[in-house]
Protein chains: 2
Amino acid sequence: MVTIRQVAKEAGVSVATASRALNGMENVTRSTREKIEAAAARLNYVPHSGARNLTRRRTDTIGVILPDLFGEFFSELIRGIDRAVHAEGKTLLLGNMHGSQQETTQAIRAMRGRVDGLVIMPPNSVAETLHTEPLGAFPMVVLNAVPGGGELPSVSVDSRAGAEMVVQHLIERGARRIVHISGPATNHDAIERETAFRNVVCRELDNADPIVLTGDFCEGSGEAAISRLLESGERFDAVFAGNDVMAVEAMASLRDAGYAIGSEMLVAGFDDIPLSRYVSPGLTTVHSEIPRLGELAAHKLLALIEGSLASEGQATVIRPRLAIRGSTAGLAPPRS
Amino acid sequence: MVTIRQVAKEAGVSVATASRALNGMENVTRSTREKIEAAAARLNYVPHSGARNLTRRRTDTIGVILPDLFGEFFSELIRGIDRAVHAEGKTLLLGNMHGSQQETTQAIRAMRGRVDGLVIMPPNSVAETLHTEPLGAFPMVVLNAVPGGGELPSVSVDSRAGAEMVVQHLIERGARRIVHISGPATNHDAIERETAFRNVVCRELDNADPIVLTGDFCEGSGEAAISRLLESGERFDAVFAGNDVMAVEAMASLRDAGYAIGSEMLVAGFDDIPLSRYVSPGLTTVHSEIPRLGELAAHKLLALIEGSLASEGQATVIRPRLAIRGSTAGLAPPRS
DNA sequence: TTGAAAGCGCTACCAT
DNA sequence: ATGGTAGCGCTTTCAA
């Protein structure tokens, strides 16, 4: 492994000069610079970023810690973050907490000394104590969660508003018995969406105890929920799933069960992942601009790192909008 | 930022002892260890992985360089890689070459000193000179590409076999005039798939000059290809798209144009991204176990790093299988 | 403009 | 079992 010292020796200069030349600093004569560059090329020198990071006390890398790497939601999110980070010439270090609290702490700690800051999407349990982490002083932006004590800067989608919109919409399109498939109780968004659902159903349909099935936001749980529901024999005319993955699955299951989606049975989701536009009928959902969510978080973090942003209380909330598609075309015989 | 030196001082021991205790080595008395741990906790000490990496000459991190972070293919791939890497207690550093050759080189170099090895999915142009990279000695596994000079270990899906299977299948289901939407010419898989398509069509249908439209594997190009095709007035009864993203789009466009997918018009893709199962009718495609592709690559890299694998010539090829769904149910009036 | 040398925070070797 | 110390590869004062 060739080091800068070898390059310096080969070029017959000191490491200091070599370093300057290779970093494109001005105070190096043209001829020395050329000698050094030639030597570097001859030896196939590639700088060791690890060492560089250590001396410069910065890594030009930002860490991202997500509960999972699975599915389009995260894919889109990472894409947004990458876009922002890459535009600034920085790199992305990806951590995965795999949902567990312990792994989250571990993941955060593993980032120390390897990144300049963190974008993190913590489960609720972690969010509450996040500012307690030894890394407290560490630049950190929280995604879609209630920051513990409200102290950490955050970016989030207004889940409550989004869920209210979509439930309201279902009602307008004729739904009277709406079932909700919720996300995991450890997830802040899941709770917000469920709460909003209950509120609207209670207020508009006078139903204080609607059916709520517990899902987990992942593949498999939409289908499972629907099959439980069908077995139970409950009557219902619409399903509002906590996210699109479950909604799309629910839609497929209901179609298989013989319902005409959009006319006999309305289905809606949340997130607006790309998939939602491609299923047929298209899935009505809450468009939350996932890549933008990531992009905003990254920008905020970069500002934080540069010191151009206070490290407290900056909460950005994205207000989502409805994406209306065929899955809520309208219940055929509107019953009052 | 609290360092190990401060912890040592606080505990009244040397840094050496502190290091041992904190790394769980055996040769430390119980009492000293406790003193040190207490001191570390009191000071909120978090080890600096960057420095650690430097001394240990290893990072326990593997780098992944992809042409793009967009879409389900990469999402699934990363998921597979993560699964393997995480199982070994290591971390993932994500690089994005954004398709350009220059950025790829840059991305590779930026990894030096920050990762123990690289999984890379290079465009063709880069693949050929990859082993020339100064990082040559660096553990590296190539994904889905022809490794330059065939020297680098690789994992890939047998695109040719997959494409042959699916084209054959289209013919069996009655297709006689098959159109191909290809991927970008810079992509090895794209070329393999197109070649296989041409071969089968020539052999089985005696058509030496089938219609091939150029796409780019990304959103938008499936639709564009179909609209060009429809405008041209060409007759055709089946579309084989180079990947699922384009196939799904093509399917939607054709449906909008009034074709009954599966009976009047057959459509097939390649990859089997999750989306393919959810569209309706389901998309017939080549199932290539994307996560497994990533997992195998990661395992191979880890073996390489550990030195339990030679660094040359190890090529793993995954043989894909057909996933038959509604989009190729069968042409209604089978013409000979 | 150039060089010498002091670290960055940590681990691991060699003594004790 | 513990401590002293020499690096890991690089950047960056400070002098010359």
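Both backbone and side-chain heavy atoms feed into the values below; hydrogens, waters and symmetry mates do not. Source: prediction; values computed, not measured. Letters A, B, ... are given to chains in the order of the sequence lines, protein chains preceding strands, and every chain is numbered from 1.
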- [ ] Report yes or no: does Asp216(A) contribute a side-chain atom to a donor-acceptor pair with the main-chain N or O of Pro184(A) at less than 3.5 Å?
- [x] no
Open item on the list: Let's see if you get this right: which residues in residues 3-18 of chain A place a heavy atom under 4.0 Å from DNA chain C?
Closed with: Val13(A), Ser14(A), Ala16(A), Thr17(A)
Open item on the list: Quick one, Val119(A) with Leu143(A), criterion side-chain contact (heavy atoms from CB on, under 4.5 Å). Give me CA distance, side-chain angles, the key distance, then yes/no.
Closed with: CA-CA 7 Å; Val119(A) 170; Leu143(A) 270 182; 3.7 Å; yes
Open item on the list: Just to verify, which of Val2(A), Thr3(A), Val7(A) counts as forming a side-chain contact (heavy atoms from CB on, under 4.5 Å) with Arg5(A)?
Closed with: Thr3(A)
Task: Short N-O contact, Glu295(A) and Arg292(A), less than 4.0 angstrom - done: no
- [ ] For DNA chain C, determine which residues of residues 47-64 of chain A have any heavy atom closer than 4.0 angstrom to one of its atoms, and list them numerically.
- [x] Leu54(A), Thr55(A), Arg57(A)
Open item on the list: Contact list please: residues 22-43 of chain A against DNA chain C, heavy atoms, distance less than 4.0 Å, in numerical order.
Closed with: Asn27(A), Val28(A), Thr29(A), Thr32(A)
TODO: Give the intermediate values and the outcome of side-chain contact (heavy atoms from CB on, under 4.5 Å) for residues Leu77(B) and Met121(B).
DONE: CA-CA 11 Å; Leu77(B) 188 64; Met121(B) 184 161 168; 4.2 Å; yes
Task: Worked check of side-chain contact (heavy atoms from CB on, under 4.5 Å) between Ile4(B) and Leu22(B) - done: CA-CA 9 Å; Ile4(B) 199 176; Leu22(B) 296 170; 4.0 Å; yes
Task: Asn53(B) side chain to Ser49(B) backbone, donor-acceptor under 3.5 Å - done: yes
TODO: Round to the nearest Å and state the distance from Arg20(B) atom CZ to dA15(C) atom C1'.
DONE: 11 Å
- [ ] Starting from C1' on dC8(D), measure out to CE on Met1(A) and report it in whole angstrom.
- [x] 8 Å
- [ ] Decide whether Asn144(A) and Ser156(A) meet the rule of one side-chain donor and one side-chain acceptor closer than 3.5 Å.
- [x] no
Task: Any side-chain donor near an acceptor of the partner, Thr61(B) and Lys90(B), under 3.5 Å - done: no
Open item on the list: Walk me through whether Thr17(B) and Arg33(B) qualify under side-chain contact (heavy atoms from CB on, under 4.5 Å).
Closed with: CA-CA 9 Å; Thr17(B) 309; Arg33(B) 157 168 286 123; over 6 Å; no
